[in-house]
Amino acid sequence: MANYEQIIKLSLERGFYFPSSEIYSDAPAGFWEYGPNGVNIKNKFIDLWRKELVRKATMVEIDGAQIMSENVFIASGHIKNFSDPIIKCSGCKSTFRADRFISEKTGQEVPERINENEINVLIKKNNLKCPKCDSDFEESGRFNMMFKLGIGPNNDEAYLRPETCQSIFVDFSRLFKVMRGKLPFGVAQIGKSFRNEIAPRQSLLRLREFYQAEIEVFFNKETVNQIAGFEEIKDVILKIFYDDTNKELTVQEAINQEIIPNKLVAYYLVLLKQFYEKTGIDMEKTRFRKLSNEEKAFYATIAFDFEVETSVGWLELVACNDRSDYDLSEHSKTSKQNLEVIDPHTQTKILPQVFELSMGIDRSIYAILEHSFFDDIENERTVLRLKPYLAPITVGILPLVKKDGLGEMATKIFSDIKRDFNVFYDDAGSIGRRYRRLEEVGTPFAITIDHKTLEDQTVTIRYRDDMSQKRIDVSKIKEIINSLLNN
RNA sequence: GCGACGGUCGUCCAGUUUGGUCUAGGACAUCAGAUUGCCAAUCUGGUAACCCGGGUUCAAAUCCCGGCCGUCGCACCA
């Protein structure tokens with residue numbers, strides 16, 4: 001298992017990801033680029049997400065705009081809630097979280113949603129000064145985590161979305177109609193979200209611009225226990241961290257003990273678990289953490305975080321929230337549109353509830369890299385033991401030597417298969433070095449062209465994990481790699 | 001955003017204390033050639049860096065100021 005520094009080093013050296021605009025000294029923190037290897041693994045991760053979540057659970061996918069109007073975020077609550085009250089010292093310019101600062105100094109409870117006037121009053125009343133330089137505070141303000149934009153010549157107020165899901169909520173009415181929706185109705189989206197983090201840190205783990213893969217399941221709360229696929233998954237064991245203890249229990253038991261509220265939530269938690277099993281993340285180091293009321297986002301009634309243990313601690317990869325009818329109800333009020341639908345099953349008119357799986361793609365990629373990293377001391381190599389279908393390069397084509405026509409033969413094989421897979425051709429240096437380079441970026445298969453190839457049209461295929469080799473016919477290469485990818 | 005510490009080839013490190021000998025050195029990686037011909041071999045040669053801006057000085061990688069970035073802590077979070 002690797003640590004954070006090793007992964008960063010590998011990423012920089014081998015082009016997985018690196019800081020954005022790094023040739024400029026004013027490049028702000030929190031923005032990273034995916035390089036060639038990183039893009040491949042990200043795209044393949046997304047392919048897997050589509051296959052194992054979107055298609056498996058029969059959802060639809062959309063691709064919404066990243067810029068949305070002010071009203072969207074008034075309705076969503078982000079204008080009001082997605083910000084922290086702050087106070088700034090007039091002398092040394094130190095900034096403090098107002099609510100925490102006041103309650104610390106006065107010992108009295110200060111609600112997080114406190115407004116600016118109340119803060120100013122409390123500061124005056126208690127004669128609070130800056131703890132560092134004893135100056136007075138400026139008028140209190142709010143720091144909103146959304147990026148504000150001006151649209152058109154009048155600079156109409158708009159924001160970069162802080163989560164992708166608002167597109168799904170505002171589009172719900174049309175989507176339900178045009179897709180002839182039934183409940184539960186799953187809508188998925190991959191895209192970028194933007195948050196003006198105070199202190200972005202740790203590369204892909206806390207970004208200001210990041211990828212989310214979100215799934216919003218609209219459902220009728222009267223039928224949350226009538227879930228078609230539940231029988232098949234009721235004995236699946238989940239690890240749930242709750243009340244400071246780890247519990248391992250079947251979803252049926254979790255429902256019986258009221259840890260999981262209903263079959264619908266259970267179904268999607270299992271779906272998510274099964275997805276992550278296929279990413280190669282070590283499932284022994286994962287858990288669902290049930291959040292307490294204090295930890296939950298402002299829109300959530302029930303929340304589970306899917307977490308994975310890494311060298312930098314437990315990382316939250318997916319937020320699984322029951323958002324109740326909060327979003328549709330607020331959008332309905334603000335837009336003055338009726339967003340109710342008829343549930344075809346019950347023939348009742350309802351405003352659907354929402355259960356979401358909000359996945360951080362960048363963090364997931366990091367976790368996969370870290371869990372795949374293997375320092376193979378015995379064979380003096382480092383290997384990324386990625387699942388073959390996630391590896392940035394699927395197969396390397398290596399002529400044992402350049403001369404004797406082996407180079408030409410290898411080039412021909414390369415041309416024959418390069419549209420089918422991510423293939424990398426390498427004839428530089430010793431064969432052992434070329435194998436090492438490939439396995440360092442997780443390439444699962446290497447085809448070696450040797451002198452025997454010219455005699456009988458066979459090549460060797462080498463497997464990354466055990467370094468074993470097998471002779472196969474040149475004509476079978478595509479077929480064999482395809483079958484290995486589908487394992 | 002604050003505080004502490006830090007920033008030198010792709011990566012890791014030496015040089016900064018005491019300004020000049022730095023035309024910035026090494027290792028690994030990389031590129032070219034030779035050699036070998038199935039697991040990071042060897043030889044030869046090459047590419048490649050003082051975070052950015054300003055100041056002090058005859059002279060700055062080295063001292064000073066500002067900015068940016070990084071690590072950690074506070075906080076925030078997918």
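Owing to the predicted nature of the structure, the values given are computational and were not obtained by experimental measurement. Letters A, B, ... mirror the listed sequences (proteins, then strands); counts begin at 1.
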Quick check: do Asn422(A) and Pro392(A) have side-chain heavy atoms less than 4.5 Å from each other? no
Could you pull out the protein-nucleic contacts involving nucleotides 51-53 of chain B (nitrogen or oxygen on both sides, under 3.5 Å)?
none

Pairwise P distance, U16(B) and G6(B) [rounded to whole Å]: 15 Å
Those residues that, when tested against Lys56(A), pass salt bridge (charged side-chain N to carboxylate O under 4.0 Å, His left out) (two or more places apart): none
Residues Asp47(A) and Lys51(A) bridged, charged N to O under 4.0 Å: no
Can you tell me how far CZ of Arg381(A) sits from CD of Glu440(A), rounded to the nearest 0.5 angstrom? 11.5 Å
Taking C64(B) as the reference, what is the distance to G19(B) when you measure between their C1' atoms (whole Å, please)? 13 Å
On a whole-Å scale, what distance lies between the P atoms belonging to C68(B) and A78(B)? 26 Å
Is there side-chain contact between Val441(A) and Thr443(A), with heavy atoms separated by less than 4.5 Å? yes
Closest to the side chain of Arg195(A), out of A78(B), G10(B), C69(B), is A78(B)
So if I apply the salt bridge (charged side-chain N to carboxylate O under 4.0 Å, His left out) rule between Glu439(A) and each of Arg434(A), Arg385(A), Arg462(A), Arg14(A), which one comes out positive? Arg462(A)
Going by purine N1 to pyrimidine N3 plus the second Watson-Crick contact, or the G-U wobble pair, all under 3.5 Å, which nucleotide sits opposite A14(B)? none
If you measure from the P atom in C50(B) to the same atom in A24(B), how many Å do you get, rounded? 11 Å
Categorize Pro28(A) for me: base, sugar-phosphate, or nothing, with a 4.0 angstrom heavy-atom threshold over every strand shown. sugar-phosphate
When both hydrogen-bonding distances must be under 3.5 Å and the geometry is Watson-Crick or G-U wobble, what is G3(B) paired with, if anything? C72(B)
For nucleotides 34-47 of chain B, just jot down a letter per nucleotide in 5' to 3' order: B, S or -, based on protein non-hydrogen atoms under 4.0 Å. ---BBBBS------
G53(B) - base-pair partner by Watson-Crick or wobble geometry, distances under 3.5 Å: C65(B)
Partner nucleotide of U44(B) by Watson-Crick or wobble geometry (both distances under 3.5 Å): A32(B)
Classify the nucleic acid contact of Tyr4(A) as base, sugar-phosphate or nothing, counting any heavy atom under 4.0 Å across all strands shown. sugar-phosphate
Base, sugar-phosphate, or nothing for Leu317(A), non-hydrogen atoms under 4.0 angstrom? sugar-phosphate
Quick one: label Glu316(A) by what it contacts on the DNA or RNA (base, sugar-phosphate, nothing), any heavy atom closer than 4.0 Å. sugar-phosphate
Heavy-atom count check: over 12 atoms from other residues, nucleotides or ligands less than 6.0 Å from Gln202(A) CD? yes
